[in-house]
Amino acid sequence: MVLMLLGPVGRDDALAGSPMARFRGLPLSRIHAALESILSAHLAVEQAGLVAVDFYDGCMLYDFERHRMMLCDLDEYRAGPFTLEADRLPGSRRFMAPEEFVRGSVIDTRTTVFILGRALRLLLDAGDEEKQWRGTPRQLTVVRKASAAVPESRFPSVHSLVAAWHAAD
């Protein structure tokens, strides 16, 4: 079994031999299967009443032999919704929702939707600069709605994001 952490994004990801570059070079069918694992896991997270905190590519382990995505280091996930009492939550800026940087903001399932939208965007792009989208235009529309800056403009739940994602496939 060859497990590799995919992240963190933005450092050596553009290097041809990096795990992220290898992952991004996989056929789309394999990437979609990995994304489905991430989305399915977060349906369970939502069902359990939790919200994603500190989810980023460093939480993603990909088995290049078995073509399986696994998640790790989810210990920051919390019961939600909750009010942010610090200046910011832990996490990677490339994955974090705007409200995660504002003391007093509500962190809820729409925050998880944002984080998942960013994961979809970054994993389905061929590069770090987000200029080489490999998905369909309809999928990109779903990603843009999921990662809207204003929480009320996002999908209201992980379930609704996943339904829109499947409909865009």
Side-chain angles (χ1 to χ4, degrees), residues 3-7 9 13 19-74 77-81 91-92 94-100 106-128 130-169:
L3 295 176
M4 293 193 177
L5 278 175
L6 293 185
V9 166
D13 303 330
M20 183 60 83
R22 280 184 67 192
F23 179 81
R24 287 175 168 160
L26 292 172
L28 284 175
S29 61
R30 297 227 191 260
I31 293 174
H32 281 284
L35 295 175
E36 192 60 38
S37 295
I38 293 168
L39 293 172
S40 294
H42 284 86
L43 285 170
V45 166
E46 180 177 72
Q47 182 68 29
L50 301 172
V51 294
V53 176
D54 195 21
F55 182 73
Y56 69 112
D57 53 338
C59 299
M60 302 173 202
L61 283 168
Y62 191 74
D63 182 338
F64 286 95
E65 290 179 1
R66 295 190 176 120
H67 302 288
R68 288 185 50 214
M69 177 67 79
M70 291 163 274
L71 303 179
C72 65
D73 195 23
L74 306 179
Y77 282 36
R78 302 176 191 177
S92 167
R94 292 194 68 182
F95 286 80
M96 292 174 72
E99 62 269 21
E100 293 182 87
V106 174
I107 307 300
D108 62 13
T109 192
R110 292 170 302 172
T111 307
T112 302
V113 166
F114 183 97
I115 293 165
L116 292 173
R118 293 297 298 146
L120 293 168
R121 180 68 174 106
L122 293 166
L123 295 177
L124 253 180
D125 202 282
D128 288 343
E130 300 181 39
K131 295 180 181 175
Q132 301 175 59
W133 177 248
R134 293 182 67 201
T136 68
R138 288 178 55 188
Q139 288 172 325
L140 187 55
T141 298
V142 170
V143 166
R144 286 182 175 145
K145 179 171 179 159
S147 54
V150 178
E152 293 78 18
S153 298
R154 298 177 200 147
F155 294 100
S157 65
V158 173
H159 184 268
S160 60
L161 165 62
V162 172
W165 181 254
H166 290 161
D169 203 11

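Panel note: side chain Glu46, backbone His159; a donor-acceptor pair is recorded below 3.5 Å. Checked by atom type and distance alone, the side chain of Arg118 pairs as donor or acceptor with a backbone atom of Arg94 at under 3.5 Å. Judged by distance alone, with hydrogens and angles left aside, the side-chain atoms of Arg24 form no donor-acceptor pair with the main-chain N or O of Leu123 at under 3.5 Å. Without hydrogens or angle criteria, Arg154 side chain to Ala148 main chain gives a donor-acceptor distance under 3.5 Å. Using modelled atom types, one side-chain atom of Asp125 and one backbone atom of Gln132 make a donor-acceptor pair closer than 3.5 Å. Side chain of Ser153 to main chain of Ala149: no donor-acceptor pair is present (N/O by atom type, distance under 3.5 Å, no hydrogens or angles). Trp165 contributes no side-chain N or O that, together with a main-chain N or O of Ala168, makes up a donor-acceptor pair within less than 3.5 Å.
Applying the salt bridge (charged side-chain N to carboxylate O under 4.0 Å, His left out) test to Arg110 and every residue at least two apart in sequence or in another chain returns Asp108, Glu152.
Residues His42 and Gln47 bring no donor and acceptor atom of their side chains to less than 3.5 Å of each other. In summary, the side chains of Ser160 and Ser157 do present a donor paired with an acceptor at a separation below 3.5 Å, with no hydrogens or angles considered. With 3.5 Å as the limit, one finds no donor-acceptor pair spanning the side chains of Thr111 and Glu100.
Contact record, Gly58 with Cys72: O-SG, 4.1 Å, taken as the closest heavy-atom pair. In terms of heavy atoms, Phe55 sits closest to Ile115 at CD2-CG2, 3.6 Å.
Counted within 6.0 Å of NE2 on His32, heavy atoms from surrounding residues, nucleotides or ligands total more than 12; the atom is thus considered enclosed. Counted within 6.0 Å of CZ on Arg144, heavy atoms from surrounding residues, nucleotides or ligands total 12 or fewer; the atom is thus considered open.
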(request) Tell me, with the steps shown, if Phe64 and Arg30 meet side-chain contact (heavy atoms from CB on, under 4.5 Å). (result) CA-CA 10 Å; Phe64 286 95; Arg30 297 227 191 260; over 6 Å; no
(request) Give the intermediate values and the outcome of side-chain contact (heavy atoms from CB on, under 4.5 Å) for residues Phe155 and Thr109. (result) CA-CA 9 Å; Phe155 294 100; Thr109 192; over 6 Å; no
(message) For a side-chain contact (heavy atoms from CB on, under 4.5 Å) check, start with the C-alpha distance between Leu124 and Trp133, then their side-chain angles and the critical distance, and finish with the verdict.
(response) CA-CA 6 Å; Leu124 253 180; Trp133 177 248; 3.5 Å; yes
(request) Show your working on side-chain contact (heavy atoms from CB on, under 4.5 Å) between Leu43 and Val162 and close with a plain yes or no. (result) CA-CA 8 Å; Leu43 285 170; Val162 172; 4.0 Å; yes
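Note that the CE atom of Met69 and the SG atom of Cys59 stand 11.0 Å from one another [nearest 0.5 Å]. Considering CZ of Arg134 and CG of Leu140, their distance stands at 14.5 Å, rounded to 0.5 Å. Distance check: Leu74 CG to Asp54 CG gives 9.0 Å after rounding to the nearest 0.5 Å. Atom OG1 of Thr112 sits about 8.5 Å away from atom CG of Leu50, to the nearest 0.5 Å. With values rounded to the nearest 0.5 angstrom, Leu35 atom CG is found 5.5 Å from Leu120 atom CG. Between the CG atom of Asp57 and the OH atom of Tyr62 there is a distance of 15.5 Å, given to the nearest 0.5 Å.
Looking only at side-chain heavy atoms (C-beta outward), Leu161 and Leu116 come within less than 4.5 Å of each other. Two residues are said to be in side-chain contact when any heavy atoms from C-beta on lie closer than 4.5 Å; Phe114 and Pro98 meet this criterion. Counting heavy atoms from C-beta outward, Val142 and Gln139 have side chains that stay 4.5 Å or more apart. Using a 4.5 Å heavy-atom threshold, the side chains of Pro151 and Glu99 count as touching.
A perpendicular orientation is assigned to the rings of Phe95 and Tyr56, their planes being inclined by more than 60° (bins at 30° and 60°).
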